[in-house]
Every structure is written in structure tokens, then in C-alpha cells.
**Q** 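Before I ask anything, here is the structure I am working with.
Just so you know, residue 1 is the first one in the sequence shown, and it goes up from there.
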Amino acid sequence: MKIDEKMKTPVYLYLKQYSTKENDPRKPKDRTMFMLNLPPYCDERCLERLFCQCGKIVDIFIHKKPTALEPGIQSEFFTDFDTSKGFGIAYVVFNSPKAVHKALKLDFNKPLVMSNIDTPVLLGMKKWKAQFQKPTIDKKKLQKEIDEYMQRYDEQVDQEKQHEKESEGIPNEEGWVTITRQGKNKGAPKNDSLQRKIHARERKRNKEKELLNFYTFQARESKIQYIADLKKKFQEDKNKIAIMKEQRKFKPY
């Protein structure tokens, strides 16, 4: 590939038929050509003009890196691929498998020329001058695209919430249950005060379940044990006071 006829050193493109384990309806394996080392100044229109001789082109996707994911909706104002930095890759989708085989059999000794009189490829100052003289953005089109994007986003969020509600409390294949934010109990932040309240509530609940002092002898035994504990503590305090008096460290007055 060359920019024009005057260029002596061409850019080499590496082409092959697209193949992947994942199925992509917008990139059929038998009708898609995978391309590496795509120059940053070669866009979709340029690729379509160069490879239309092989067959009708249905779609072209340009990315920074190879991807098997389905490409999103192309935006007129916001592009995911920055054509000003580095070489990239491209997927060219033809209308038939024969077109792919024909593109792969192009003569290697006859480089494709990107720029001509009708569709010149602008570089450097010419490119910047053309971008500067480009008419201003159509506000109505921009607003329409933003509204459509936000509508798709809201629909996606609603679908995710609906899916979370439907899967709430349902175990998966391994028996695990996923707790989502859409459940009845959304949870609460974990802190010390909350943990103390939870433990106090559990102790109260357990205490209510137990049958304490249900019989007369249980009440009598609990009183006897309480009195014994008081006597024991009184004797321990009395011994402590006696020891402190002996050491002359106790000064009551």
C-alpha cells in the first residue's frame, strides 16, 4: 500500500481470513477479512475504495487491537478508535466468501494507492487545515445522538435491574445464592455500633427463647447461687483490705 504514486517505500498490510472461536453475527467468518498494520491515515472510506474491486463491501470495523466482541454503534461525533496514534487493525466484511479469497490473491508486486485526485489523503498541515475549515458541528444531530445513547443506556440499566430481581434468592448450578441490591433487605454499612446492636438483639432473642426460672426450684437455686457469689466477693474484698493494712498502704482517713 502506498499513499501516492510518488512514494517509493510502501506500507505492508497483512491479510488473512477472519477466524475465531466466538461467533459474531456482524463479522461472519467466511465473509470477513482480517487486516494488520493499518496506517492511521487510512480510514473506512479509503479501505472501501481500495478493496471494492474484489467485491461488494458490507461493513468495515477499525480497532486498536484485535477483538472478537461485537462492535458497538458507530458514532458520527464520538469515535472509540483514535486514528492519530499508531497503526491499527481492520475487519472488512464482504457480501460473499469469493470476495475474501479474491482480496487475499491480490498481486503483491502492485501496491494499492490510497490517494488520488478525486479522494486525496491529506497529511500534515493539509490535514490540519482541512479540519480547521470543516463546518461546525450540527447541534441537532449531536443532541439526537446523545438522546438515543442515553435511551439505550437507560434500557440497559432497566434490563440489569430486572435480571437482578428475577435472580434474587435463586441458587445457581453450584448452589450459591447471589445477593443483589434489588432484594428486600438491601443491607447496611458495617460498623462497631451496628455490630453491637446486632449482638444485643441476638442475645435478647436467645434469652426470650430460653425458659429461665420456669420451675420453683430453679428460682430458689438461682437465688442461693446469687447469695453465694455475693459472699465470695465480700470475702475477697475483705482479704484485699487486710493485706493492704499490713502493708500500710491503706489509708481510710
**Q** Any side-chain donor paired with an acceptor under 3.5 Å for D147 and Q143?
**A** yes
**Q** As an exercise, state the distance from CD of E160 to CD of Q156, rounded to the nearest 0.5 Å.
**A** 5.0 Å
**Q** Should L106 and L104 be counted in the same cluster of Ile, Leu, Val, Met, Phe, Trp and Tyr side chains packed under 4.5 Å apart?
**A** yes
**Q** In terms of relative ring orientation, are F34 and Y91 parallel, tilted or perpendicular, with 30° and 60° separating the classes?
**A** tilted
**Q** If every non-hydrogen atom of F94 is compared with every non-hydrogen atom of C54, which pair is closest and at what distance?
**A** CE2-CB, 4.3 Å
**Q** Closest approach of I62 and L47, non-hydrogen atoms and distance?
**A** CD1-CD1, 4.4 Å
**Q** Would you say that more than 12 heavy atoms from the other residues, nucleotides or ligands in this model lie under 6.0 Å from the NZ of K98, or not?
**A** no
**Q** Could you see if L230 belongs to whatever hydrophobic cluster contains I241? Use Ile, Leu, Val, Met, Phe, Trp, Tyr and a side-chain cutoff under 4.5 Å.
**A** no
**Q** Roughly how far, to the nearest 0.5 Å, is OG of S19 from CG of D30?
**A** 12.0 Å
**Q** At their closest point, which heavy atom of N37 faces which heavy atom of L13, and how far apart are they?
**A** O-CD2, 3.3 Å
**Q** Evaluate the criterion side chain to side chain contact (heavy atoms under 4.5 Å, CB included) for residue pair V11 and F87; output intermediate values, then yes/no.
**A** CA-CA 11 Å; V11 176; F87 285 60; 4.0 Å; yes
**Q** When rounded to the nearest 0.5 angstrom, what distance separates CE in M33 from CD in Q17?
**A** 10.5 Å
**Q** Between CD of E145 and NZ of K141, what distance do you get to the nearest 0.5 Å?
**A** 10.5 Å
**Q** For a quick test of reading the model, state the closest non-hydrogen atom pair linking K2 to P10 and the distance between them.
**A** CG-CB, 3.7 Å
**Q** Check step by step if side chain to side chain contact (heavy atoms under 4.5 Å, CB included) holds for V93 and Y18.
**A** CA-CA 10 Å; V93 183; Y18 179 58; over 6 Å; no
**Q** Is it the case that one hydrophobic cluster holds both F234 and I224, taking links as side-chain heavy atoms less than 4.5 Å apart, direct or via other members?
**A** no
**Q** Taking atom CZ of R26 and atom OG1 of T32, what is their separation to the nearest 0.5 Å?
**A** 11.0 Å
**Q** Check whether any side-chain N or O of K102 sits under 3.5 Å from a backbone N or O of Q53 as a donor-acceptor pair, and report yes or no.
**A** yes
**Q** Quick check: is L36 connected to Y12 through a chain of hydrophobic side chains (ILVMFWY, heavy atoms under 4.5 Å apart)?
**A** yes
**Q** Identify the heavy atoms of E48 and I57 that sit nearest to each other, and give their distance.
**A** CA-CD1, 3.6 Å
**Q** If Ile, Leu, Val, Met, Phe, Trp and Tyr residues are connected whenever their side-chain heavy atoms lie under 4.5 Å apart, and connections chain through other members, are L15 and V113 in the same group?
**A** no
**Q** Can you find a side-chain donor-acceptor pair between Q225 and D229 that sits under 3.5 Å?
**A** yes
**Q** Of the non-hydrogen atoms in N109 and P111, which two are nearest, and what is the gap between them?
**A** O-CD, 3.4 Å
